[in-house]
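A short worksheet on the structure shown next.
The basis for the numbers below is simple: all heavy atoms, side chains too, and nothing from hydrogens, waters or symmetry mates. A, B, ... follow the sequence lines: proteins, then strands. Residue 1 opens every chain.
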2 protein chains.
Amino acid sequence: MVEANADEGTVTRHTPQDPRPTLDEVDRVLAETLRRDGRATNATLAKAAGIAESTCTARLRRLQTLGVVTGVHAVVDHVALGRPVEALVSVRFSGQRRRDFERLRAELPMLPGVLQLFHVSGANDYLVHVAARSTSELRDFVLDHLTGRPDVAHAETSLVFDHVRGQAPL
Amino acid sequence: MVEANADEGTVTRHTPQDPRPTLDEVDRVLAETLRRDGRATNATLAKAAGIAESTCTARLRRLQTLGVVTGVHAVVDHVALGRPVEALVSVRFSGQRRRDFERLRAELPMLPGVLQLFHVSGANDYLVHVAARSTSELRDFVLDHLTGRPDVAHAETSLVFDHVRGQAPL
DNA sequence: ATTGAAATAGCGTCAAT
DNA sequence: ATTGACGCTATTTCAAT
């Protein structure tokens, strides 16, 4: 048993496994380059980091295994794909039971239109980033999946007018 | 002149160019597959969409040109990369001058640590998603780049405990 | 762990439909 | 616009350091 918990189903999630190996400059260059262009070729990455291509292949595999690179994903235009209404919904919980948090965290990301889910400190507990096909679909989503939950005390919806990615290197 | 504006420098940004071409099922499959795995090979994508590889190459180029796929980026572990403190900062403006919005929108994404920037409706105007090396660096960021701005009336910082991506297809 | 070289797999061009 | 085949490039495996 590696990282188990006595209570039924309750798993405390620490980002990857504990013996966090040190990353050198090569790793950082690879991660950063791939963050900027997720389709950068192995040869490009190798050149950027100043290593052999075969080394690069191995390094990349390692970064994925370690959970330093958790995935690479295309960013798509929601309007073009039929979900022109984007919103951020702040959710406040009624209780503070750990189980409620875990259920929401597990279930919400599976729902169509959910882009991101933040668990945050402060007056609100969660922030849900969604893309909906219409304003009425957005309303239904909030009512059915957020306000409708017994553990949710309040939900407040803000429309997203604009959404841009950071450009600077990490 | 296609989409110009009389005022100096003031550009109204409509997501891509207006004659938005219709996307068929093939386009949607490609976008969706690439959204799930940004490093999917051309052959894989072609198979998923049921088209020839050469057609796939052309389709992909088209999707990028049209702005349907705006980029593909690796998701990295901020803790491993030395920025363990993640936060969402709500920013309220004092005035409502368009120029102020545009400046913030242009400048903030360039600052190191800024991950995303949302322009939202409601009591707050912007939501800034940042990753900092430490809590004190976070404080400095908010003071120097947000509260410090003359056009910013108020900034409220929430720590991000957890951040997950949506899993369902668009 | 890193490398270069050899084998494998993937890609884009093009002529044809 | 889509296709399959061909030539070219990129990637991975592997033996050696």
Side-chain angles (χ1 to χ4, degrees), chain A residues 2 15-77 79-82 169-170, chain B residues 15-82 169-170:
Chain A
V2 186
T15 350
Q17 50 276 26
D18 267 3
R20 195 182 285 283
T22 49
L23 304 182
D24 60 10
E25 187 57 22
V26 168
D27 292 313
R28 279 188 287 271
V29 171
L30 292 180
E32 184 57 35
T33 309
L34 216 41
R35 206 176 66 92
R36 233 189 300 258
D37 176 11
R39 282 184 91 76
T41 68
N42 187 58
T44 305
L45 292 163
K47 212 166 295 176
I51 56 178
E53 295 182 16
S54 50
T55 311
C56 194
T57 306
R59 287 282 192 143
L60 288 176
R61 239 200 305 268
R62 177 169 168 271
L63 287 178
Q64 288 198 248
T65 308
L66 293 177
V68 176
V69 172
T70 57
V72 13
H73 305 282
V75 177
V76 301
D77 178 14
V79 181
L81 283 161
L170 272 187
Chain B
T15 348
Q17 49 277 24
D18 268 2
R20 196 182 284 283
T22 50
L23 303 183
D24 59 11
E25 187 56 24
V26 168
D27 292 313
R28 278 187 288 271
V29 170
L30 293 180
E32 184 56 34
T33 309
L34 215 43
R35 206 175 66 92
R36 243 198 284 269
D37 177 10
R39 281 185 91 75
T41 68
N42 188 57
T44 305
L45 292 163
K47 213 166 294 176
I51 55 177
E53 295 183 17
S54 50
T55 311
C56 195
T57 307
R59 287 281 193 146
L60 288 176
R61 239 200 304 268
R62 178 169 168 270
L63 287 178
Q64 287 199 251
T65 309
L66 292 177
V68 176
V69 172
T70 58
V72 15
H73 305 281
V75 178
V76 301
D77 177 14
H78 302 129
V79 181
L81 282 160
L170 272 185

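Computed from coordinates, the A:Gln64 CD to D:dT11 P distance equals 14 Å when rounded to whole Å. Atom pair B:Leu60:CG and C:dT13:P shows a separation of 13 Å (rounding to whole Å applied). Separating the CG atom of A:Leu66 from the P atom of C:dA1 is a distance of 12 Å, rounded to the nearest angstrom.
Just one residue in the list A:Ile51, A:Thr57, A:Thr33 forms a side-chain contact (heavy atoms from CB on, under 4.5 Å) with A:Leu45, and that residue is A:Thr33.
The shortest non-hydrogen separation linking B:Thr22 to B:Arg62 is O-NH2, 3.6 Å. Closest of all the heavy-atom pairs between A:Ala74 and B:Val69 is CB-CG1, 4.1 Å.
At a threshold of 4.5 Å between non-hydrogen side-chain atoms, the residues A:Asp24 and A:Asp27 count as touching.
For residues 36-56 of chain A, proximity to DNA chain C is found at A:Ile51, A:Ala52, A:Ser54, A:Thr55, defined as any non-hydrogen atom under 4.0 angstrom from a strand atom.
Remark: B:Arg59 is in phosphate contact with D:dT2, judged by side-chain N or O atoms under 4.0 Å from OP1 or OP2. Taking only side-chain nitrogens and oxygens, B:Arg62 never comes nearer than 4.0 Å to OP1 or OP2 of D:dA1.
Judged by distance alone, with hydrogens and angles left aside, the side-chain atoms of A:Arg39 form no donor-acceptor pair with the main-chain N or O of B:Gly71 at under 3.5 Å. A distance-only check finds a donor-acceptor pair linking the side chain of A:Glu32 to the backbone of A:Leu170 [under 3.5 Å].
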